[in-house]
Participant: 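Below: one structure in structure tokens.
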Amino acid sequence: MEKFWQALLTLTTISLLCSPVAKANPQSWPLEQRSPFNAKIQQSQALDYLPLTKAQQAWRLCVLVPHLKDAYWIGIDYGLIQHAKHLGVSLDLFEAGSYYHQDKQLAQLGACMNGDYDAILLGAVSPNLLEHFPLPLSKPIIALVNKLNSDLVLTHIGVNWYQMGLRAGQFIKADAKVHTPTQPTTLALFAGPENVGGTDLVEQGIRHALEGSNVSISAIQHADNNRNLYRDQLQILLKAQQPNYILGSAVAIEAAVSTLKQKHMTQDIKLVSSYLSPAILRGLKRQKVLYSNDDLVVLQGKLAIDVAVKQLEGATPFGDIGPAIVGRTMSTNTQSELSFSLAEADFYPLYQVRPLSLP
């Protein structure tokens with residue numbers, strides 16, 4: 001009898017392992033839903049999002065981005081490409097080349113609106129881009145990363161950029177309270193291009209975070225995300241003053257790491273990045289960078305594809321949805337946590353995905 005029950009247990013175990021019920025469900029993605037939609041100040045609610053495993057048909061998606069010149073948008077591209085391949089949908093990606101190329105992006109949007117596409121993912125160079133678009137919006141548009149003002153755009157994939165500034169500013173405020181509690185402390189801000197992307201909201205978040213602290217902003221510099229431009233601005237800044245902190249885009253902070261090393265000032269100025277890149281990650285590990293936001297750009301790219309397909313297949317708009325912002329320091333980096341954060345090291349930008357069934 002004992003042998004009978006052992007045999008029965010073995011057969012039952014094998015049956016469960018082989019049955020559909022026993023197979024693990026696709027892993028959910030840790031996200032947050034934010035409201036009110038498209039607002040600066042929002043409430044967020046944690047969301048376990050279950051992604052698709054396959055599209056019902058080979059939808060054709062058009063993706064427009066400002067550029068692919070830095071790790072941020074390359075990470076977005078990586079997520080887009082990976083999930084489009086996974087779902088079996090078609091993707092064409094076009095870059096404007098700069099946040100200052102609004103006319104080029106408008107022309108690209110017109111080509112996508114008139115082309116053989118089912119939906120458009122729009123990483124806008126300006127939040128008011130659609131005010132200058134002369135054609136009717138005859139296809140669904142999903143805002144990708146950057147804010148997009150239009151009553152016809154009801155889904156935004158990304159994070160709240162005001163919160164990105166707030167989180168970085170709060171970290172500096174707390175650090176200064178510990179290390180320079182009674183001394184006036186200065187922060188130089190190296191933001192991205194002025195009045196485009198999320199730059200304005202990031203600055204507003206930083207200013208709000210520093211209210212009531214001993215930290216004041218001693219300089220603000222704006223530039224396109226170009227390491228040489230930031231390096232020149234840093235040289236000028238450091239001739240005029242020596243701030244306690246420098247906060248900027250990943251590209252700006254990457255330039256600051258090398259500039260401070262050349263000037264033997266690495267120990268004198270603390271560096272904070274508004275978002276993560278491979279070089280910023282190395283800086284954190286080597287204690288050259290004190291803190292970085294991480295808004296999981298690879299996950300944003302994957303989510304944008306998934307949401308676009310779900311809406312094409314009948315889902316209602318998703319509102320403001322995206323990952324929660326993660327704070328990275330030297331002590332919060334493990335490789336297992338970064339699969340949603342950075343593209344693989346050997347990835348280079350790709351502009352097209354075609355399912356095997358398509359030409």
Side-chain angles (χ1 to χ4, degrees), residues 70-72 161 164-195 198-294 327-333:
D70 65 16
Y72 193 96
W161 282 92
M164 290 280 275
L166 190 71
R167 290 284 298 267
Q170 287 172 336
F171 179 88
I172 292 172
K173 179 179 179 179
D175 187 75
K177 187 175 182 179
V178 171
H179 295 100
T180 56
T182 61
Q183 303 171 25
T185 303
T186 55
L187 163 67
L189 179 59
F190 282 75
E194 192 169 9
N195 299 322
T199 301
D200 287 355
L201 289 172
V202 170
E203 288 186 27
Q204 291 174 38
I206 292 167
R207 291 183 182 280
H208 187 191
L210 297 180
E211 289 177 1
S213 74
N214 63 326
V215 182
S216 61
I217 297 175
S218 59
I220 299 179
Q221 299 289 338
H222 292 279
D224 200 5
N225 265 346
N226 180 292
R227 191 174 285 103
N228 290 330
L229 290 176
Y230 283 124
R231 190 176 289 115
D232 292 343
Q233 289 183 341
L234 282 161
Q235 296 285 355
I236 295 170
L237 172 80
L238 295 174
K239 287 180 180 179
Q241 61 172 279
Q242 182 177 309
N244 300 97
Y245 296 86
I246 294 176
L247 191 162
S249 68
V251 180
I253 300 305
E254 290 164 15
V257 169
S258 59
T259 299
L260 295 184
K261 182 179 179 180
Q262 291 170 359
K263 293 181 173 293
H264 306 287
M265 299 175 68
T266 300
Q267 303 302 320
D268 302 322
I269 300 175
K270 297 179 178 181
L271 301 179
V272 173
S273 180
S274 60
Y275 61 87
L276 192 65
S277 73
I280 294 299
L281 182 63
R282 291 192 296 272
L284 289 167
K285 291 180 177 179
R286 297 171 183 172
Q287 301 184 54
K288 307 294 185 183
V289 178
L290 191 63
Y291 171 89
S292 176
N293 288 326
D294 177 4
R328 299 283 184 190
T329 64
M330 180 189 67
S331 60
T332 59
N333 291 307

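Note that the coordinates shown come from a computational prediction; the quantities given were computed from them, not determined experimentally.
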Participant: Minimum heavy-atom separation for Thr186 to Ser218, with atom names?
Facilitator: CB-OG, 3.8 Å

Participant: Between Ser274 and Asn293, does any side-chain donor sit less than 3.5 Å from a side-chain acceptor?
Facilitator: no

Participant: Would you please say whether a donor-acceptor pair under 3.5 Å links the side chains of Gln170 and His208?
Facilitator: no

Participant: Rounded to the nearest 0.5 Å, how far does OG1 of Thr266 lie from CD of Gln287?
Facilitator: 12.0 Å

Participant: Counting only heavy atoms not in Gln241 (residues, nucleotides, ligands), do more than 12 fall under 6.0 Å from its CD?
Facilitator: yes

Participant: Using every non-hydrogen atom in the two residues, find where Pro243 and Leu237 come nearest and quote the distance to one decimal.
Facilitator: CG-CD2, 4.2 Å

Participant: Among Arg167, Lys270, Met330, find the residue that satisfies the side chain to side chain contact (heavy atoms under 4.5 Å, CB included) test when tested with Tyr291.
Facilitator: Arg167

Participant: For Thr185, enumerate each residue passing the side chain to side chain donor-acceptor pair (under 3.5 Å) test, keeping only those at least two apart in sequence or located in another chain.
Facilitator: Thr180, Asn214

Participant: If you compare all heavy atoms of Ser273 against all heavy atoms of Ser249, which two are closest, and at what distance to 0.1 Å?
Facilitator: OG-C, 4.0 Å

Participant: Walk me through it: do Val272 and Leu187 pass the test side chain to side chain contact (heavy atoms under 4.5 Å, CB included)?
Facilitator: CA-CA 10 Å; Val272 173; Leu187 163 67; over 6 Å; no

Participant: Go through the structure and list residues passing side chain to side chain donor-acceptor pair (under 3.5 Å) with Arg282, not counting sequence neighbours.
Facilitator: none

Participant: Holding to side chain to side chain donor-acceptor pair (under 3.5 Å), I want the full list of residues that pass it with Asp70, two or more places apart in sequence or in another chain.
Facilitator: Asn225, Tyr275

Participant: With side chain to side chain contact (heavy atoms under 4.5 Å, CB included) as the test, pick out the partner of Phe190 among Leu234, Leu247, Leu229.
Facilitator: Leu234

Participant: Please lay out, stage by stage, how His222 and Glu203 fare under the test side-chain hydrogen bond (donor to acceptor under 3.5 Å, both in side chains).
Facilitator: CA-CA 11 Å; His222 292 279; Glu203 288 186 27; 3.1 Å; yes

Participant: Do Asp175 and Tyr245 have a side chain donor and acceptor closer than 3.5 Å?
Facilitator: yes

Participant: How far does CG of Asp268 sit from CG of Asn244, to the nearest 0.5 angstrom?
Facilitator: 10.0 Å

Participant: With rounding to the nearest 0.5 Å, note down the distance linking CD1 in Ile280 to OG in Ser292.
Facilitator: 6.0 Å

Participant: Atom CD of Gln235 and atom OG1 of Thr259: how far apart are they, to the nearest 0.5 Å?
Facilitator: 5.5 Å

Participant: Which value, rounded to the nearest 0.5 Å, describes the distance between Ile253 atom CD1 and Leu271 atom CG?
Facilitator: 5.0 Å

Participant: Hey, could you give me the CD1/CG distance between Ile206 and Leu166, rounded to the nearest 0.5 Å?
Facilitator: 9.5 Å

Participant: If we check salt bridge (charged side-chain N to carboxylate O under 4.0 Å, His left out) with Glu254, which of these qualifies: Arg231, Arg227, Lys261, Lys288?
Facilitator: Arg227

